[in-house]
Amino acid sequence: METTWAAPVGRLVRVAKHAWFDRLWALTHPGVGGGTEGLVLSGGGSRASFQIGALRYLYDVRHIAPTSIVGTSAGSIVGAMLAQSLDPVIQSEQLRVLENFWLAMTGPEEMYAEQTWFRRLREQWDDLSEVLPEPAPTAEAFVDPDTADPERAVKEALEYDPSTEGSDFSLSVAWQLLGSLPRLGRVGAGLASTLRGAERAASAYRPGPIVHRLLFESGFRAQAVRDSGVQLRLAIVGLGSGALRYIRQDGLIVDTDDQPVEPTPFDLSLGVWASCAIPGVFRPIKLGNELYVDGGVRETVPVEMAVEQLGVTRPYVIVSTPPDLALPDFEPRDMVSIMMRSFSILMDETVRDEVVWARRAGATVIDPRIEVHGSLTVDRGLLRINRDYGWMRAAEELTGAEDSPVDEIIEARLELYRLVGDHSAPAKAVRAARKHLRRLLVDADPALLPDGTDDWPDETPAHPEPR
């Protein structure tokens with residue numbers, strides 16, 4: 001193919017593929033067929049750290065040159081960053097920018113920022129708790145299923161309302177607040193203002209600073225995506241129609257047949273935000289006559305769009321969430337953790353079906369088999385481990401390694417990270433964990449190990465800077 005040029009508004013923009021790179025690929029990968037390379041990036045919240053590691057391997061070791069990118073939710077953020085250029089070298093540079101921002105996060109509020117009304121409500125809680133009526137006594141939290149009086153057990157379970165106990169904010173407390181407004185005086189006036197803010201916000205949270213930094217502080221330019229020549233599709237779901245749709249690189253919204261459904265293009269940044277709008281957590285985004293939410297509601301791994309509509313013949317599918325994810329020790333911390341956990345469970349069956357479809361379509365699927373951290377977890381040490389896990393899983397898939405120790409290495413690294421972070425852990429246990437991890441690394445195939453593995457046995461719980 002030849003390089004061509006377009007000239008929008010006084011400047012030249014490269015819009016075609018690199019013939020030199022196609023020839024280089026053929027020379028350095030004998031026996032590997034040609035075709036159109038593309039990326040399919042799933043959602044997963046902060047687990048996008050896994051995608052970043054897998055992409056690092058694909059760009060740095062396999063020298064991929066994707067011309068089509070399809071993403072949803074967190075994958076839409078990654079995809080939009082990469083789609084600013086058709087040049088794989090520049091895509092790799094954008095990946096490093098993304099990696100540095102991602103691994104610099106310091107807490108979950110970086111991804112899920114409280115709306116002002118919700119923060120004000122927490123700030124007002126001390127004043128409110130002084131004027132609210134005392135909660136009514138309730139049944140015990142748990143009923144022994146072996147009780148001799150099952151009818152009583154069922155009755156107590158039906159009547160039990162833990163939200164009336166203690167002073168934590170809850171839904172039942174909110175109802176008490178509403179009923180008490182007329183007699184709360186000055187406090188009630190402030191609360192009424194807060195509740196009006198809640199009605200306008202339509203959510204307790206908004207995408208945190210990380211989204212703003214990537215879209216507005218990293219040098220990201222929607223115009224660069226539009227002009228790059230990369231085919232980009234970001235999955236969104238119409239809240240009214242229930243239809244799966246995509247916003248493409250030029251801002252137009254298309255259906256699953258890649259046909260426009262709105263005549264007017266929208267700012268791509270809004271499309272990214274819409275693709276991340278988890279129902280019940282973030283406010284839906286209005287584009288045209290429809291409100292849109294997270295594309296993962298209908299399509300967590302949007303591989304069909306890449307293969308059937310964009311003509312991708314060599315798709316790399318990167319999934320952030322392990323299949324059959326079981327968390328027997330899950331402890332809900334708040335409303336968001338429950339919603340996110342429920343969302344993950346709801347999506348599990350869909351993800352498995354989509355991954356099966358992808359493999360049957362000949363896609364290279366890179367997915368985790370173990371849980372390094374949850375979608376809400378922002379711990380720079382764990383983010384880094386998950387990034388390295390993504391690199392190793394990509395190496396495992398692309399080299400066809402059998403009986404690989406990758407999962408065992410990551411589990412050993414997680415155990416060491418836990419022990420070193422636990423000041424009560426015996427020194428003997430820490431030394432044994434270091435020795436075990438070092439032995440696994442020595443025995444592993446070097447092709448499965450990223451740079452820096454020599455330092456892993458000596459890691460500390462301090463949060464390292466991105467490398």
Side-chain angles (χ1 to χ4, degrees), residues 40-45 69-77 79-80 112 115 199-207 211 231-310 317 319-321 323 325 335-336 338-358 361 375:
V40 178
L41 307 171
S42 79
I69 301 174
V70 185
T72 190
S73 199
S76 70
I77 299 175
Y112 306 96
Q115 295 279 25
E199 184 176 4
R200 289 192 298 269
S203 68
Y205 295 82
R206 64 185 185 279
V211 179
Q231 295 189 96
L232 179 68
R233 302 292 185 273
L234 306 180
I236 54 179
V237 171
L239 197 56
S241 66
L244 172 65
R245 290 171 180 163
Y246 297 85
I247 188 164
R248 68 187 192 188
Q249 71 277 352
D250 58 3
L252 282 177
I253 295 176
V254 299
D255 59 20
T256 53
D257 293 324
D258 209 32
Q259 298 302 308
V261 297
E262 290 274 359
T264 305
F266 300 95
D267 187 283
L268 186 62
S269 299
L270 288 177
V272 174
W273 281 55
S275 188
C276 296
I278 303 167
V281 178
F282 299 140
R283 184 177 185 176
I285 304 298
K286 188 171 185 180
L287 301 172
N289 297 320
E290 179 107 55
L291 292 171
Y292 287 95
V293 295
D294 192 321
V297 171
R298 292 291 302 271
E299 194 94 348
T300 303
V301 188
V303 66
E304 289 187 54
M305 168 59 73
V307 173
E308 295 190 344
Q309 302 302 328
L310 303 185
V317 177
V319 182
S320 298
T321 304
L325 184 59
M335 177 178 65
V336 174
I338 293 173
M339 286 182 174
M340 291 298 293
R341 174 58 180 161
S342 301
F343 196 68
S344 295
I345 294 171
L346 178 64
M347 294 299 103
D348 180 66
E349 185 70 25
T350 301
V351 170
R352 283 187 289 167
D353 290 343
E354 290 165 356
V355 167
V356 168
W357 192 98
S375 59

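Along the sequence shown, residues carry numbers from 1. Because the structure is a prediction, the values reported are computed rather than measured. Quick note: numbers below take in every heavy atom, side chains included, and nothing from hydrogens, waters or symmetry partners.
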Problem - Validation row: Gln309, Asp257 side chains within 4.5 angstrom (heavy atoms) - result: yes
Exercise for the section: Taking the side chain as every heavy atom from C-beta outward, state whether Ile236 and Ile285 have any atom pair closer than 4.5 Å. Expected result: no
Exercise for the section: For the pair Thr300 (side chain) and Gly296 (backbone), establish whether a donor and an acceptor sit closer than 3.5 Å, ignoring hydrogens and angles. Expected result: yes
Exercise for the section: State, with a plain yes or no, whether a side-chain heavy atom of Leu232 is found less than 4.5 Å away from one of Arg248. Expected result: no
Exercise for the section: Spell out, as yes or no, whether a donor-acceptor pair under 3.5 Å connects the side chain of Ser42 to the backbone of Val301. Expected result: no
Handout entry: Straight-line distance of Leu287 CG to Ile253 CD1, nearest 0.5 Å
Key = 4.5 Å
Completion exercise
By salt bridge (Lys or Arg N to Asp or Glu O under 4.0 Å), Glu304 pairs with (sequence neighbours left out) none
Problem - Nearest atoms (heavy-atom pairs only) where Cys276 meets Ala74 - result: SG-N, 4.3 Å
Completion exercise
Residues Pro284 and Ala277: closest non-hydrogen pair is CA-CB, 4.5 Å
Exercise for the section: May I ask you to say whether Asp258 pairs ionically with Arg233, meaning some side-chain N is under 4.0 Å from a carboxylate O? Expected result: yes
Problem - Shortest non-hydrogen separation from Ser375 to Gly44 and the atoms involved - result: CB-O, 3.4 Å
Handout entry: Pairwise distance CZ(Phe266) to NZ(Lys286) - rounded to 0.5 angstrom
Key = 10.0 Å
Completion exercise
Contacts of Thr72 meeting side chain to side chain donor-acceptor pair (under 3.5 Å) (sequence neighbours excluded), chain-then-number -> none
Exercise for the section: Looking only at non-hydrogen atoms, find the nearest pair between Ala235 and Leu244 and report the distance. Expected result: CB-CD1, 4.2 Å
Problem - Distance-minimising heavy-atom pair for Gly75 and Leu41 - result: O-CD1, 3.7 Å
Problem - Those residues that, when tested against Asp267, pass salt bridge (Lys or Arg N to Asp or Glu O under 4.0 Å) (two or more places apart) - result: none
Fill in the blank from the handout: Minimal heavy-atom distance between Ser73 and Gly43, with the atoms involved, is CB-CA, 3.7 Å
Practice task
Enter the distance from Asn289:CG to Glu262:CD here, rounded to the nearest 0.5 Å.
Solution key: 5.5 Å
Handout entry: Minimum side-chain heavy-atom gap Val70-Tyr246 below 4.5 Å
Key = yes
Exercise for the section: Inspect the contact between Arg245 and Glu290 and indicate whether a charged nitrogen and a carboxylate oxygen are less than 4.0 angstrom apart. Expected result: yes
Handout entry: Spacing of CG belonging to Leu234 relative to CG belonging to Leu270, to within rounding of 0.5 Å
Key = 12.0 Å
Exercise for the section: Measure the OG-OH distance between Ser241 and Tyr292 for me, rounded to the nearest 0.5 Å. Expected result: 6.0 Å
Fill in the blank from the handout: Interatomic distance, CG@Leu268 vs CH2@Trp273, rounded to 0.5 Å, equals 13.5 Å
